[in-house]
Visitor: 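Quick one: this structure, given as structure tokens, is what I'll be asking you about.
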Amino acid sequence: MKALVLSGGSGTRLRPFSYSMPKQLIPIAGKPVLEYVLENIRDLGVTEIGVVVGERAHEIIEVIGDGSRFGARVTYITQDRPLGLAHCVALGRGFLGDDDFVMYLGDNMLPDGVAGVAAEFRAARPAAQVVVRRVPDPRDFGVVELDDSGAVRRLVEKPRHPRSDLAMLGVYFFTAAIHEAVAAIGPSARGELEITDAVQWLLTEGADVRASEYTGYWKDTGRAEDVLACNRWLLAGLRPSVSGLVDAQSVVEGRVVVEPGARVVRSRVTGPAIIGAGSLIEDSHIGPGTSIGPRCVVRGTRMADSIVLDGAAISGVSGLLGSLIGRSATVVPAVHGDAQHCLVVGDHTRIEIAA
């Protein structure tokens, strides 16, 4: 089995973050989303991985490299424009050959893995096996409808009036039969080759199509609130470790990781939290649910439930909550203005808020 990972999306829902960073590289609990994806695939015993990349390809290649540190070999496949998930399958045809493969959206977080679904697929080898989950509002997803016996009856992409609450999560298992289906379909009304249409084509042609309901933790990390929620969930499983310096006037309590070279000075860190390598926390209170990246400086600040990326500086802010602070961004108090404590700050940006 091979893998096809889709990492070419533009991440419009995460702007201004995604103007300067592919959404698949946003770190959650100290590690880029795409790394969690690749680790999940490796845990399936899959070592040949094709990664579909767009205009930000160089950034993804810089972080992921050749895949050797994941015990895999990565082949990069360029998609010039986002023309749909099935278009990615068509682009990957040369890499995939006639092998079975798992297709995985590169911004999906399923920390519990999909080993159970992979085992079901390998045992039965249906033409397609999709991973689904019940969601409150399935209108933004491909939706799977089942008959009374639990067999797949129909698939519809983003229906206005869904007849089912089973949404496809962005993990699919295919045999080579999918290539004939992709070649047979045309663009949808929005001008894309929809993977939902390709799987529906297989179903109409009488192929074996199955759905597996996923009950583990899942987040589509396309929105800031979902990134923060996933960060909280992952931090809850931290193993405490203090490799940096915590001075005698500081308190570190709960599940806290202080990475090498980090310094905590006259401060309190209440876990779960991560203080990244080489960062300085001074005269501050870092509350639960916070991931601070490498080489950051936080002074005279109270914050919680936030993600701070590499090289950011925050000073004199009394209550920063539920925020995403970009790389090398600066957050300082303003002389006037209303407090704004739920921020999404892009890279290299200076923001002044009420202290």
Visitor: Cation-pi check, K158 to F141: give yes when NZ or CZ is under 6.0 Å from the six-membered ring centre and within 45° of the ring axis, no otherwise.
Guide: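 Because its charged atom misses either the 6.0 Å distance or the 45° angle limit, K158 does not stack over F141.
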Visitor: Assess whether a salt bridge exists between R133 and E213, defined as any Lys/Arg side-chain N lying under 4.0 Å from an Asp/Glu carboxylate O.
Guide: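 Salt bridge absent between R133 and E213.
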Visitor: Looking at S291 and A29, what are the two nearest heavy atoms and their distance?
Guide: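 Here S291 and A29 meet closest at OG-CA, 3.5 Å.
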Visitor: Show the nearest heavy-atom pair for residues L91 and T78, with the distance to one decimal.
Guide: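 Residues L91 and T78, closest heavy atoms: CD1-O, 3.8 Å.
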Visitor: Can you confirm whether I49 sits close enough to V51 that some side-chain heavy atom of one is under 4.5 Å from a side-chain heavy atom of the other?
Guide: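 With C-beta onward as the side chain, the pair touches.
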Visitor: Got more than 12 heavy atoms from elsewhere within 6.0 Å of CZ, R93?
Guide: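 Yes, the 6.0 Å shell around CZ holds more than 12 heavy atoms from other groups.
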Visitor: Hey, what's the ring geometry for F101 with F174, parallel, tilted or perpendicular (30° and 60° as the breaks)?
Guide: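 The arrangement is tilted - the two ring planes meet at 30° to 60°.
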Visitor: Between A211 and L146, which heavy-atom pair has the shortest distance, and what is it?
Guide: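 For A211 versus L146, the nearest heavy atoms are CB-CD2, 4.4 Å.
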Visitor: Could you please spell out the steps behind the side chain to side chain contact (heavy atoms under 4.5 Å, CB included) verdict for V331 and I325?
Guide: CA-CA 8 Å; V331 180; I325 308 300; 4.0 Å; yes
Visitor: For a quick test of reading the model, state the closest non-hydrogen atom pair linking I185 to D197 and the distance between them.
Guide: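 Heavy-atom minimum between the residues: CG2-O, 3.8 Å.
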Visitor: Do T270 and H285 have side-chain atoms, one donor and one acceptor, less than 3.5 Å apart?
Guide: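 A donor-acceptor contact under 3.5 Å links the two side chains.
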Visitor: Could you walk me through whether V5 and V52 pass the side chain to side chain contact (heavy atoms under 4.5 Å, CB included) test, one step at a time?
Guide: CA-CA 6 Å; V5 178; V52 179; over 6 Å; no
Visitor: Strictly below 4.0 Å, N to O, side chains only: are D283 and R299 in salt-bridge contact?
Guide: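 Result for this pair is no, no salt bridge flagged.
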Visitor: Do other residues, nucleotides or ligands put more than 12 heavy atoms under 6.0 Å from the CD atom of E253?
Guide: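 Counting neighbours around CD of E253, more than 12 heavy atoms of other residues, nucleotides or ligands fall under 6.0 Å, so yes.
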Visitor: Could you go through the side chain to side chain contact (heavy atoms under 4.5 Å, CB included) check for L245 and V264 one step at a time?
Guide: CA-CA 6 Å; L245 172 67; V264 179; over 6 Å; no
Visitor: Y76 side chain to D66 main-chain N or O, any donor-acceptor pair under 3.5 Å?
Guide: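 Side chain of Y76 to backbone of D66, a donor-acceptor pair under 3.5 Å: no, none is there.
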Visitor: Does R42, at its CZ atom, have more than 12 non-hydrogen atoms belonging to other residues, nucleotides or ligands within less than 6.0 Å?
Guide: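 More than 12 heavy atoms, drawn from other residues, nucleotides or ligands, come within 6.0 Å of this atom.
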Visitor: Would you say the side-chain atoms of S279 pair up with the backbone N or O of A262, donor to acceptor, closer than 3.5 Å?
Guide: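 Such a contact is absent between S279 side chain and A262 backbone.
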Visitor: Check whether any side-chain heavy atom of V246 sits under 4.5 Å from a side-chain heavy atom of V242, and report yes or no.
Guide: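 V246 vs V242: side chains touch.
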Visitor: Strictly below 4.0 Å, N to O, side chains only: are D310 and R295 in salt-bridge contact?
Guide: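 A salt bridge is present here (some side-chain N lies under 4.0 Å from a carboxylate O).
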Visitor: Please step through side chain to side chain contact (heavy atoms under 4.5 Å, CB included) for the pair R263 and E282, ending with a clear verdict.
Guide: CA-CA 8 Å; R263 292 181 294 148; E282 187 175 81; 6.0 Å; no
Visitor: Among all residues two or more places apart in sequence or in another chain, which pass the side chain to side chain contact (heavy atoms under 4.5 Å, CB included) test with A119?
Guide: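 If we apply the side chain to side chain contact (heavy atoms under 4.5 Å, CB included) test to A119, skipping adjacent residues, there are no hits.
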Visitor: May I have all residue pairs that pass side-chain hydrogen bond (donor to acceptor under 3.5 Å, both in side chains) and include part of residues 82-92, sequence neighbours excluded?
Guide: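 Sorted pair list: Q79-H87.
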Visitor: Which of these, R125, Q129, R210, sits in a side chain to side chain donor-acceptor pair (under 3.5 Å) with E120?
Guide: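 So the option named by the test is Q129.
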Visitor: Salt bridge check, K2 against D98: does any charged N sit closer than 4.0 Å to a carboxylate O?
Guide: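 Salt bridge absent between D98 and K2.
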Visitor: To the nearest 0.5 Å, what is the distance between OH (Y104) and CG (L6)?
Guide: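 The CG atom of L6 is 12.0 Å from OH of Y104, to the nearest 0.5 Å.
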Visitor: Has R122 got more than 12 heavy atoms of other residues, nucleotides or ligands less than 6.0 Å from its CZ?
Guide: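 It does: R122 CZ has more than 12 such atoms within range.
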Visitor: Drop me the distance from T196's OG1 to L203's CG, to the nearest 0.5 angstrom.
Guide: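 Going from the OG1 atom of T196 to the CG atom of L203 covers 12.0 Å.
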